[in-house]
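A note on names: the letters A, B, ... follow the listed sequences, proteins ahead of strands, and every chain is numbered from 1. Owing to the predicted nature of the structure, the values given are computational and were not obtained by experimental measurement.
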Amino acid sequence: MTLSPARVRFAPSPTGYLHIGGARTALYNYLLAKQTGGQFILRIEDTDQARLVADAMEEQMNGLRWLGLHWDEGPDVGGPCGPYIQSQRTEIHRAHAEQLVAMGKAYYCFCAKERLEALRAEQLALKRQPRYDGHCRNIPLAEAKARKAAGESCVIRFKVPTEVKTTVHDVLRGGITVDNSTLDDFIILKSDGLSLYHLAAMVDDHLMGITHVIRSSEWIPSLPKHALILRAFGWGEPQWVHLSVFLKPSGKGKMSKRETANLKAEEGHSIFVRDMSELGYLPEAVLNWIALMGWSLDDKTDVLTLDEMIRGFSIERLNPAPAAISFDKLDHYSGVHIRALPPEELAKRIKPYFDQAGLNADESALLRIVPLIQVRIATLDESVSMAGFFFRDRIDYDPAGLIPKGMDAASALAALHRSIDLLGSLPDLAHPTTEPPMRALASELKLKPAQLFGILRLAITGQQISPPLFETIALLDRETVFARLAKAETYLRGE
RNA sequence: GCCCCCAUCGUCUAGUGGACUAGGACGCGGCCCUUUCAAGGCCAAAACCGGGGUUCGAAUCCCCGUGGGGGCACCA
């Protein structure tokens, strides 16, 4: 499919950190831009200065970078349509608001907040939808200008055409029609001279040549307002694409702020991109996960790389229904993408987790253990709990575990003793050297392999669950192996 | 309360009037493999929200219910 280049934007508000909902919106925008040879633009919507979070903008960008969603134009890289931070475009917005006033499509409103609040309370009491009553709608422009010039505080409201319906076309949902009477004359410029989202976003989208607006469906209710603004200016409309929201795993509603904040501590999951790395997830896995919540390539593909998504993406295959998130699925994709990594790459990726754990593991050492753990870990951080013992000076475990089911301390000790003798008699501890005689020993002692090897496993790794025993022994220093076996012997003697 | 959107296995989804005995994936259960744990292989259970239309024929189109979701700020 050949499409003309799309200019799309991801426009987060720096009032919070990048979460999977935002990331998925960014992803779809990115995919369309890359597929069509267009541009992916990052624009920061910080017109509400009161709600700013200090490091939110930087964190939003870090999140996108971590996912590999690099923008062509944005605050840091610039571009032909800058600035890309809305608070630096206030003059542009103000001029456009004034232009609408001059065109008779907007008006100055002098209503005090108190009056508005009273009006609102009254309407709510009557169980009516709170709406501006048009109090200042018909003040003659000359009079309004005079009052404004005299220093009276005012806002600019958009004059919504009355007595008609407005229909806007959404690519996924078709025509969305509302009666204009359900819209009120909304404010487009605040009394402090700053634009509100509705005006700022439309002006900037137009000026930046945005061809497709792909955003969350929570914008659907204000879609008519946006179309009305565009039409008032006589501008064309972009393709509107409203994505469905993510629901909590139960499918019952969106995640609350509290649930979102406690997720990580309570169950080791998070919806924030900046937590994903710490939790051991690959960006590839996160991308795969969010891409398929609301989009599908076909009836069977479920593992995709970013490149494959770019090639296969299409707006038509977006699903408008809300989707419950599933962390089980994230874990699954995580495992899939870890297994798909070349060993050298996996060694590189797990290195920081060993560093973090205070273990001195260089990449070449890690590369040797990767074959033992690659299919056994679902997240990168699990590499430490699985293979940390390779790099620890001492290992701690409960000696009770040295006695397998069906055995007692004496028989376990005897088995361990025989194993030490046998291993000590071998020319080396390579896997092919150790396994056959050890199996023979097990059968001679009338033990199941699981029993005998279980004793050694705990003795050598300190873990009930570990990489395969003989491969592990082969990688460990000879001295370490025998020291740990000797230590286990002392435990079993009850020392 | 009002407005808008959505509706296929528990979950993510395929399905755009006949190819549907409704496909795939996660999860769940069983079996195989097996030195633990995984991975892998095989098998199973599991869905078209309800009611009316339209049509020779409806998961697919229309209407009404119901359920779910979103929105109703000098927030975005």
Can you confirm if the aromatic rings of A:F158 and A:Y107 lie within a centre distance of less than 6.0 Å?
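No; A:F158 has its ring centre 6.0 Å or more from that of A:Y107.
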Taking the [atom1] atom of each, how far is [N] from [M], in whole Å?
N: B:rA46; M: B:rG51; atom1: C1'; answer: 25 Å
N: B:rG24; M: B:rA44; atom1: P; answer: 10 Å
N: B:rG10; M: B:rA73; atom1: C1'; answer: 39 Å

Strictly below 4.0 Å, N to O, side chains only: are [X] and [Y] in salt-bridge contact?
X: A:K254; Y: A:E218; result: yes
X: A:E284; Y: A:R349; result: yes
X: A:E259; Y: A:K257; result: no

Taking the side chain of [X] as heavy atoms from C-beta outward, which of [options] is closest to it?
X: A:A321; options: B:rG40, B:rC26, B:rA7; answer: B:rA7
X: A:P468; options: B:rU36, B:rC6, B:rC12; answer: B:rU36
X: A:D302; options: B:rC37, B:rC4, B:rG24; answer: B:rG24
X: A:D299; options: B:rU35, B:rC12, B:rA14; answer: B:rA14
X: A:R439; options: B:rU36, B:rU35, B:rA39; answer: B:rU35
X: A:A324; options: B:rU36, B:rC5, B:rC12; answer: B:rC12

Using Watson-Crick or G-U wobble geometry with both distances below 3.5 Å, tell me the partner of [N], or none.
N: B:rA25; result: B:rU11
N: B:rC56; result: B:rG18
N: B:rA47; result: none
N: B:rC42; result: B:rG30
N: B:rG1; result: B:rC72

How does protein reach along nucleotides 66-76 of chain B, written 5' to 3' as B (base within reach of a heavy atom under 4.0 Å), S (only sugar-phosphate), or - (no contact)?
---SBSBSBBB
Among side-chain atoms of A:T379 and A:D381, is any donor-acceptor pair under 3.5 angstrom?
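Checked: A:T379/A:D381 side chains pair up, N/O donor to acceptor below 3.5 Å.
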Just checking [X]: base, sugar-phosphate only, or nothing, at a heavy-atom cut-off of under 4.0 Å?
X: A:G294; answer: sugar-phosphate
X: A:N319; answer: sugar-phosphate
X: A:R457; answer: base
X: A:S244; answer: nothing
X: A:R317; answer: sugar-phosphate

Classify the ring geometry between A:H226 and A:W219 as parallel (under 30°), tilted (30 to 60°) or perpendicular (over 60°).
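Taking A:W219 first and then A:H226, their aromatic rings sit tilted (interplane angle of 30° to 60°).
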For A:V375 and A:M293, take the nucleotide of RNA chain B holding the closest heavy atom to each; which residue's nucleotide lies nearer the 5' end?
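Looking at the nearest nucleotide for each, A:M293 comes out on the 5' side.
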Given RNA chain B, 5'-ward residue of the pair A:F470 and A:S250, judged by closest heavy atom
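That would be A:S250.
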Between C1' on B:rA25 and NE2 on A:H337, what's the gap in Å once rounded to a whole number?
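Distance check: A:H337 NE2 to B:rA25 C1' gives 14 Å.
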Nearest-Å distance for atom pair CG/P, residues A:L228 and B:rC3
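Distance check: A:L228 CG to B:rC3 P gives 19 Å.
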Sort out for me which residue in A:Y281, A:F246, A:F327 forms a ring pair (Phe, Tyr, Trp, His ring centres under 6.0 Å) with A:W289.
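Of the listed residues A:Y281, A:F246, A:F327, the ring pair (Phe, Tyr, Trp, His ring centres under 6.0 Å) partner of A:W289 is A:F327.
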Distance criterion of 3.5 Å, no angle test: do you see the side chain of A:K300 paired donor-to-acceptor with the base of B:rA14?
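For A:K300, whose side chain was compared with the base of B:rA14, there is no donor-acceptor pair (under 3.5 Å).
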Candidate list A:D179, A:N180, A:T177, test side-chain hydrogen bond (donor to acceptor under 3.5 Å, both in side chains), partner A:T166, passing option:
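Exactly one candidate clears the test, A:N180.
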